[in-house]
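We count residues from 1, following the sequence as given. Since the model is a prediction, treat every value here as computed from it, not as a measurement.
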Amino acid sequence: MEQIQHKNIDIRGLKQHVAEIGTGPVTVVFLHGFPEIWYTWRYQMVAVANAGFRAIAPDFRGYGLSEQPSEPEKGNFKDLVDDLLALLDSLGISKDFGAMPISLFALLHPDRLLGFVTLGVPFMLPSPQAVNNEQLPEGFYISRWREPGRAEADFGRFSVRTVVRNVYILFSKSEIPIAQPDQEIMDLVAPSTPLPPWFSEDDLSAYADLYEKSGFRFPLQVPYRSLREGEVPADPKVQHPALFIMGEKDYVLKFPGMEDYIKSGKVKDFVPDLEIIFVPEGSHFVHEQFPDQVNQLILSFLNRCA
């Protein structure tokens, strides 16, 4: 961890925080989700650097140590894709979250990738069909967080640390977070609920300290409130080699249609050269839960691509 360097880079008018380690000729870019920041990839960054790759992990705009856009509520996934392209240009990378940003990036800028890996969420594009909220109860967490002001009021009852703690606990479980009509999402976690055994109080502090700076305005906009913004291209097919890693106990697997999309091979209609690996007992945070196993899977894939 001590070897990871940090810098701020001017990206499309905003200072973007980037963590970096390694000096290899091939660069591996790690893109986080929510409630995460660059720190979620700490184990993987060190592992790929030790294997001879260069690893970089940005905090997306509006997250962690990166600057906020002037109008967070107008943000969308295309902003993240454009930021990523500008970041690669600024770093002099000629080849190369967030599952959605990298899925979109692979379609729009195929010449900038050698391959890609997603964890927890397969190839998926922001579009009106992204998540079938209508097939889940009204208390589905994404439905609640898409409602302007709802999450802000819910989160505002607690400290930032407690919000991050609760979301991390909820997303570590095997059931989809769904509140009852008289509940808010934060009410689903009792104060006495322990953190998962692989996630320490120090890890929580690393997350919470950065969300203390950034807040939740942009993270609620992207991904949740911009999830359905965008049109799927006529032939959204990616020809790059890809790897998808998912824990067998990841709650996302229970989203309507998700298990069939993955296990039936429908996802390969969009990514023909896709390898799918399920990790027994793995949660949504499988890369933190079983870092050695996930690191080995990623390194094997990288060595094939490079």
Side-chain angles (χ1 to χ4, degrees), residues 4-20 29-42 45 56-91 97-105 108 121 126 130 141-142 144-168 171 184-186 203-230:
I4 296 176
Q5 303 297 309
H6 298 267
K7 63 176 71 173
N8 290 312
I9 300 175
D10 288 326
I11 300 294
R12 300 175 62 234
L14 296 175
K15 288 193 181 300
Q16 188 157 7
H17 167 255
V18 177
E20 180 175 2
V29 182
F30 292 92
L31 304 178
H32 65 80
F34 177 79
E36 299 147 300
I37 30 80
W38 76 266
Y39 182 83
T40 193
W41 299 114
R42 58 200 180 279
M45 292 182 71
I56 63 172
D59 287 338
F60 284 133
R61 59 168 54 206
Y63 281 79
L65 295 175
S66 292
E67 282 190 333
Q68 292 281 340
S70 59
E71 297 180 287
E73 290 75 16
K74 293 185 178 180
N76 56 50
F77 281 95
K78 184 63 164 49
D79 288 325
L80 306 189
V81 171
D82 291 343
D83 286 350
L84 178 56
L85 180 63
L87 174 64
L88 298 184
D89 287 340
S90 73
L91 292 173
F97 134 77
M100 284 192 181
I102 196 58
S103 297
L104 190 56
F105 189 89
L108 298 179
V121 177
Y141 77 98
I142 291 181
R144 291 285 184 88
W145 290 353
R146 283 178 53 79
E147 183 181 336
R150 185 76 179 255
E152 289 87 341
D154 185 13
F155 293 2
R157 299 178 295 151
F158 304 93
S159 68
V160 168
R161 184 184 181 90
T162 298
V163 172
V164 175
R165 180 189 188 98
N166 288 356
V167 175
Y168 198 94
F171 287 5
E184 297 298 333
I185 299 300
M186 290 294 99
D203 293 330
L204 176 61
S205 294
Y207 279 58
D209 288 350
L210 295 184
Y211 276 99
E212 285 279 2
K213 177 187 179 298
S214 69
F216 299 105
R217 284 180 70 191
F218 193 81
L220 286 169
Q221 176 63 23
V222 182
Y224 301 105
R225 293 171 185 166
S226 61
L227 192 62
R228 294 185 171 184
E229 296 178 14

For this session: Take F34 and F60, measure what ring-ring contact (aromatic ring centres under 6.0 Å, His included) needs, and give me the verdict at the end.
Result: CA-CA 10 Å; F34 177 79; F60 284 133; over 10 Å; no
For this session: Supply the atom-to-atom distance D79 CG to L84 CG, rounded to the nearest 0.5 angstrom.
Result: 12.5 Å
For this session: Provide the closest heavy-atom pair for R61 versus S66 in the form atom of the first, atom of the second, distance.
Result: CA-CB, 4.1 Å
Problem set entry | Heavy-atom check, side chain of Y207 versus side chain of E36, under 4.5 Å | yes
Problem set entry | Listed partners of F218 passing ring pair (Phe, Tyr, Trp, His ring centres under 6.0 Å), at least two apart | none
Exercise. Residues in salt bridge (charged side-chain N to carboxylate O under 4.0 Å, His left out) with R225, at least two apart?
Worked result: E152
For this session: Indicate yes or no: at least one non-hydrogen side-chain atom of H6 is less than 4.5 angstrom from one of V18.
Result: no
Exercise. In chain order, what residues pass the side chain to side chain donor-acceptor pair (under 3.5 Å) check against K78, with sequence neighbours excluded?
Worked result: D82
For this session: Answer whether the closest heavy-atom distance between the side chains of S226 and K74 falls below 4.5 Å.
Result: no
Exercise. With respect to Q16, which candidate in D83, L65, N8, D59 satisfies the side-chain contact (heavy atoms from CB on, under 4.5 Å) definition?
Worked result: D83
Exercise. Less than 4.5 Å apart, any side-chain heavy atom of F155 and any of W145?
Worked result: yes
Problem set entry | Sub-4.5 Å side-chain heavy-atom contact between I142 and L227 | yes
Exercise. Side-chain contact, heavy-atom cut-off 4.5 Å: V29 with F105?
Worked result: no
